[in-house]
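Structure first, commentary second.
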Amino acid sequence: MDHVNSHTKDFFASPALSLSLAGVFRNAAAVREEVEEGDEGSGGGRREDTVEISSENTGPGDRSDDDGEGNGSAEEEDEEEEAGDKRKKKKRKKYHRHTVEQIREMEALFKESPHPDEKQRQQLSKQLGLSPRQVKFWFQNRRTQIKAIQERHENSLLKSEMEKLREENRAMRETVKKACCPNCGFATSGKDTAMTTEEQQLRIENARLKAEIKKLQGTQGKIADGGGSPSSSCSAGTNQNNISTLDCYSGSFGLEKSRILELAKLALDELIKMASSQEPLWIRSIETGREILNYDEYIREFSPNGSSKRQVKRSIEASRETGIVFLDIKRLVQAFVDVNQWKELFPCMVSKAATLDFIYTGESESKDGTLQLMFAELQMLTPMIPTREFYFVRYCKQLSPEKWAIVDVSVDKIEETIDASLVKCRKNPSGCIIEDQANGHCKVTWMEHIECQSSVVPTMYRPIVVNGLAFGARHWMATLQLQCERLVFFVATNVPTKDSNGVSTLVGRKSILNLAHRMTSSFCCNIGGSRYRTWHKASKDGEEIKFTSRKNINEPGEPQGTIVCAALSTWLPVSSMVLFDFLKDESRRTEWDVMLSEGPTQTIVNLAKGQDRGNSVTVHATKSTENNSMWVLQDSCTNAYESMIVYAPVDVDSLRSVMTGCDSSNITILPSGFSILPDGPDAKSLVITSRKEEKTTEGGSLLTVAFQILASSSALTKLTTESVETATSLVSCTLHNIKKALQCEDG
């Protein structure tokens, strides 16, 4: 070890390395100096101006000859240095500060495409009155900023793991000293033999920690290049890693436990009042029957000075919905406390979720008083709409033996401490009041009240996004009712025979339903517009299709290799129920399914999972190839807001084993499918204000078609043009067949 250390010291003491390091530090200091100068005058709080850093803005670097001899006189060198300093000062004056509007537009494009092509830069430069070079450098600087943030985050993780490793090493050394003879170094007998066994366990644990560190080092560059952020680890769903991304909240957030609890209680009071109030706070629409928030009345009652606090233009979305769910109150409350169960309840809405910290754990059994800091990424089932990210505090409080309240609220101090540049949405007091009813039912009053920065939304999605339908209380309630029905039917033993065909045992039924739910959750997770996933554009038969790819190395639920996903969203002039019934009808499947060319299909399994006959899990096979090696597993879901049809080919032998009750977790599945949204009279405003609101009378359906294919069985293989062409062709041909069958090719 001393021999190695001596060589290491000699290496770091070498003149060549010293000169190299000195040059690196000088260059780094020069760049840092320029960045700091560009940041002057930006003020405190959130940064709204981005400084351009390009080769024009940096002066010539320091030069020195290796042999120490110059080619000119000392006076000439001094003159050159003075001229270089003058040029550097002049070039440093070429900073350009962008306006808030320019930054907002470039941020919107950056979220969609961090690497815009020349055409996009040209278009944006004309729109904003900037040169293409300025736009190019802004995007370069933004990517560098995101990468630097991610590297700092990863470094903190590595330091934490290194500290754990040092502790393990120290413990192992102490054990070795006790377990070995000080004279000969061999393990002693009797009691010391047990210590040797403990030493072996420490060595195993030490090796595991080393492997974890290597894994983190390997993924660091990958995440940084993909435009990740400090919150990417939060969205992975592993709470142990998520907690390590933040220091103790009393130190990092600048808020004590008592202060956070006080804010949560104030939010709870507001939620209770909002849930029970009627006119003039809530006004029921005569046209749609939906409740509309009178926002001017809300400001007068709850926030008389709040209108002057918001400097950034934000859109307000508020909604309230009441319904009955088929689940007992104890299980329902537990689902809101456990972040994994909460995500399982809303697979089509919650793409990522994590508990960052438990501020109060509440009572051990009832969970009364639980207060936790959470992160959630909410999505629509289309890559065209960016996801919404929230950092918020969730407070679960028992109001009476038969009544609970779950309130979510964003806390400004916490938001700013985590990462103010990433917080685009915030929750005003939102959540639900749960009242226990007879026979294991609950009455739920859901209140959703959020603020989001105004952003560009595609025209066909504008009515349901801008007016608050996409992320509103009606969507949450409809999804909750559907998933609670699924849980009830999962354990039901009295399902009518006509609604449970093809599986003879309850354990087999559960296994099939589990596999179908995993398939649908995977589909929802991979077709949303998350900023952690880069979507590219492709054109096919006049349609704009988006595609993305991912590498699967060790995810057990999917095939290993390179996976391509292509999606296309469009508007069709048919009602959502007509479209759903058509796609679900097995007798008409060959009219749209491009993978079936050998005649009609037959249903082998049909399992109901809700009161609506449209909610079911089926297994299909073509009549002419019934004994083939593949069957099609299909999960159909429909509620008052949204409908889905998700399907995937599954090996026949594997599916038969699942039907007998075998575990389905080891079956790999790659789903494709459809998402259907209504677009009609319900797309009205959810907020009444003194401002004029846009309205729409357009009706029809918003359809998203998505296909996933395995491009290569190796994750090291680069994505090929042929794979992208195959995926986009499947999407385009399927949509063409649907339009042809429904006679709306010109729609």
With a sphere of 6.0 Å drawn around NZ of Lys330, does it hold more than 12 non-hydrogen atoms of other residues, nucleotides or ligands?
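Incorrect, the count does not exceed 12.
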
Quick check: are there more than 12 heavy atoms from other residues, nucleotides or ligands sitting under 6.0 Å from NZ of Lys551?
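Yes, NZ of Lys551 has more than 12 neighbouring heavy atoms, counting only those of other groups under 6.0 Å.
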
For Met274 and Tyr298: C-alpha separation, side-chain torsions, deciding distance, then whether side chain to side chain contact (heavy atoms under 4.5 Å, CB included) applies.
CA-CA 9 Å; Met274 291 280 286; Tyr298 170 81; 3.7 Å; yes

Going by distance alone, is a donor N or O of one side chain under 3.5 Å from an acceptor N or O of the other, for [X] and [Y]?
| X | Y | value |
| --- | --- | --- |
| Glu344 | Ser521 | no |
| Glu377 | Ser351 | yes |
| Gln334 | Arg331 | no |
| Asp635 | Thr520 | yes |

Between Glu107 and Arg142, is there a salt bridge with N-O shorter than 4.0 Å?
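Yes, this pair counts.
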
Would you mind checking if Glu163 and Arg166 are paired as a salt bridge, meaning a charged N to carboxylate O distance below 4.0 Å?
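Between Glu163 and Arg166 there is a salt bridge, with a charged N closer than 4.0 Å to a carboxylate O.
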
Go through the steps to decide whether Ile464 and Tyr641 satisfy the test side chain to side chain contact (heavy atoms under 4.5 Å, CB included), and finish with yes or no.
CA-CA 11 Å; Ile464 61 175; Tyr641 174 81; 4.2 Å; yes

Output, in order, the C-alpha distance, side-chain angles, deciding distance and verdict of salt bridge (charged side-chain N to carboxylate O under 4.0 Å, His left out) for Glu301 and Lys273.
CA-CA 10 Å; Glu301 183 171 350; Lys273 293 178 182 177; 6.0 Å; no

When rounded to the nearest 0.5 angstrom, what distance separates [atom1] in [X] from [atom2] in [Y]?
| X | Y | atom1 | atom2 | result |
| --- | --- | --- | --- | --- |
| Met162 | Asn169 | CE | CG | 8.5 Å |
| Met644 | Leu381 | CE | CG | 6.0 Å |
| Phe326 | Glu485 | CZ | CD | 5.5 Å |
| Ile260 | Tyr360 | CD1 | OH | 8.5 Å |
| Gln379 | Ile385 | CD | CD1 | 12.0 Å |
| Tyr395 | Leu261 | OH | CG | 5.0 Å |

Check His449 against Ala318 and note the closest heavy-atom contact, atom names and distance.
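In this case the closest contact between His449 and Ala318 is CD2-CB, 3.9 Å.
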
Phe110 and Arg531: side chain to side chain contact (heavy atoms under 4.5 Å, CB included), yes or no, with the steps?
CA-CA 10 Å; Phe110 181 84; Arg531 67 185 180 89; over 6 Å; no

[Y] and [X], any side-chain heavy atoms less than 4.5 Å apart:
| X | Y | answer |
| --- | --- | --- |
| Glu451 | Ser410 | no |
| Ser675 | Thr382 | no |
| Ile329 | Glu402 | no |
| Met380 | Val465 | yes |
| Thr370 | Thr361 | no |
| Leu327 | Gln483 | no |
| Leu469 | Leu677 | no |
| Met447 | Pro429 | no |

Take Glu262 and Arg259 through the test salt bridge (charged side-chain N to carboxylate O under 4.0 Å, His left out) and record every step on the way to the result.
CA-CA 5 Å; Glu262 180 184 350; Arg259 178 56 179 160; 3.4 Å; yes

Once you measure the plane-to-plane angle for Tyr391 and Phe375, does it fall in the parallel (<30°), tilted (30-60°) or perpendicular (>60°) bin?
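If you compare the ring of Tyr391 with that of Phe375, the planes turn out tilted.
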
Name the orientation class of the two ring planes belonging to Trp446 and Phe336 (parallel below 30°, tilted from 30 to 60°, perpendicular beyond 60°).
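Ring orientation, 0 to 90° scale: tilted.
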
Let's go through Glu555 and Arg550 carefully: what are the C-alpha distance in whole Å and the side-chain angles of both, what is the deciding distance for salt bridge (charged side-chain N to carboxylate O under 4.0 Å, His left out) to 0.1 Å, and is it a yes or a no?
CA-CA 12 Å; Glu555 178 63 37; Arg550 64 184 186 276; over 6 Å; no

Test side chain to side chain contact (heavy atoms under 4.5 Å, CB included) applied to Leu480 and Leu332, step by step:
CA-CA 10 Å; Leu480 178 63; Leu332 192 54; 4.0 Å; yes

